[in-house]
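Counting from 1, the numbers follow the sequence of the chain as shown.
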Amino acid sequence: MGVGKTLARSLVPAAVKIAPQFTAGFVREVLDRAIGGFGPLSGAAAAADRRLTRAQGDVDQTIHDLIESHVRMAGVQGFATNLGGIVTLALTMPANVSGLAILQCHQVAGIAHLRGYDLEDRRVRNAVLACLLGEDTLDALVEQGSLPSTPMAIATAPVHDPELDRQVATLVTTELLARVTGRRLIISFGRRTPLLGGGVGAVSDAYSTYRVGRYADRELLARPPAHAG
């Protein structure tokens with residue numbers, strides 16, 4: 001793990017003091033809203049199904065389009081919530097973490113639905129959250145014993161493990177706060193104009209969303225329909 005990321009993680013407790021609502025329960029609420037729909041954002045399954053219809057049933061094309069659209073949305077919200085400099089950290093970090101989390105949950109849940117997973121299954125919901133950690137972070141956590149296995153294995157486990165609910169949500173909360181805090185640290189050292197901060201936020205959030213989407217695409221392999229067999 002790089003020095004920058006380690007430093008960012010060390011700042012997470014301070015970030016939680018600034019935004020105390022960001023706990024493991026926050027991530028679960030975000031996931032619920034991403035799956036069920038929130039404001040102008042349709043539920044993940046319904047939105048994915050509309051894209052699938054437009055793609056004439058081509059699941060791979062639909063997933064490609066879904067990732068592209070969420071990358072664009074992440075870039076917009078990243079720019080908007082990173083204007084203003086270090087002075088606005090306490091005001092914009094909560095919005096940035098919430099926006100990034102709901103977009104990435106919505107993206108991964110949509111991919112899971114298109115691949116045949118039941119979004120009401122708690123195992124699948126844990127797998128969706130696990131994908132937000134990203135491949136490198138998740139592999140490291142599995143190696144350390146902090147997580148039992150990959151998102152695919154979590155989604156298809158024989159039984160649901162209630163303890164894993166808390167474990168995954170806590171790790172994802174820490175990771176999201178570390179990403180945003182680390183980016184803000186970089187911005188605060190070199191930035192003198194608000195527009196630069198917005199640009200860094202746009203690129204960072206868009207790239208993070210792209211990587212999460214591509215990881216979910218590779219990791220969540222297609223499952224046969226429930227009636228198959």
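Closest approach of L176 to A101, counting heavy atoms only: CD1-CB, 3.7 Å. Nearest heavy-atom pair, R28 versus A169, reported as atom, atom and distance to 0.1 Å: NE-CB, 3.9 Å. Annotation for V212 and C131: closest pair CG1-O, 3.8 Å, computed over non-hydrogen atoms. Residues A130 and V168 come closest through the heavy atom pair N-CG1, 3.9 Å. Heavy atoms only, all atoms of each residue included: Y117 and T156 are closest at CE2-CG2, 4.3 Å.
Using a 4.0 Å cut-off between a side-chain N of Lys or Arg and a carboxylate O of Asp or Glu, D32 and R125 qualify as a salt bridge. For the pair E135 and R214, the salt-bridge criterion is not met [side-chain N within less than 4.0 Å of a carboxylate O]. Taking the charged nitrogens against the carboxylate oxygens, D217 and R115 do have a contact shorter than 4.0 Å, which makes a salt bridge.
Note: D139 CG to T150 OG1 = 8.5 Å, rounded to the nearest 0.5 Å. To the nearest 0.5 angstrom, Y210 atom OH is 15.5 Å from H70 atom NE2. Atom-to-atom distance recorded for R123:CZ and E120:CD is 13.0 Å, nearest 0.5 angstrom. With rounding to the nearest 0.5 Å, the separation of CD in E68 from CZ in R72 is 6.0 Å.
For the pair I35/L31, a side-chain contact is recorded, criterion being any heavy-atom separation below 4.5 Å from C-beta on. In this structure, L164 and P148 have side chains that are in contact, with non-hydrogen atoms separated by less than 4.5 Å. Counting heavy atoms from C-beta on, the side chains of R122 and P162 never come closer than 4.5 Å. The shortest side-chain heavy-atom distance between L133 and L147 falls under the 4.5 Å cut-off.
Q104 places no side-chain N or O within 3.5 Å of a backbone atom of L132 that could act as its donor or acceptor partner. For H106 (side chain) and S42 (main-chain N/O), a donor-acceptor pair under 3.5 Å exists by modelled atom type. Looking only at distances, no side-chain donor or acceptor of S146 sits under 3.5 Å from a matching main-chain atom of V142.
A donor-acceptor contact closer than 3.5 angstrom is absent between the side chains of D118 and H113.
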task = Determine, stepwise, if the pair R211 / D136 fulfils salt bridge (Lys or Arg N to Asp or Glu O under 4.0 Å).
result = CA-CA 10 Å; R211 292 194 65 180; D136 293 342; 3.5 Å; yes
Working for side chain to side chain contact (heavy atoms under 4.5 Å, CB included), residues E175 and L171 = CA-CA 6 Å; E175 179 66 17; L171 289 168; over 6 Å; no
message = The test is side-chain hydrogen bond (donor to acceptor under 3.5 Å, both in side chains); show your working for Q107 and S69 and say whether it passes.
response = CA-CA 9 Å; Q107 172 184 238; S69 72; over 6 Å; no
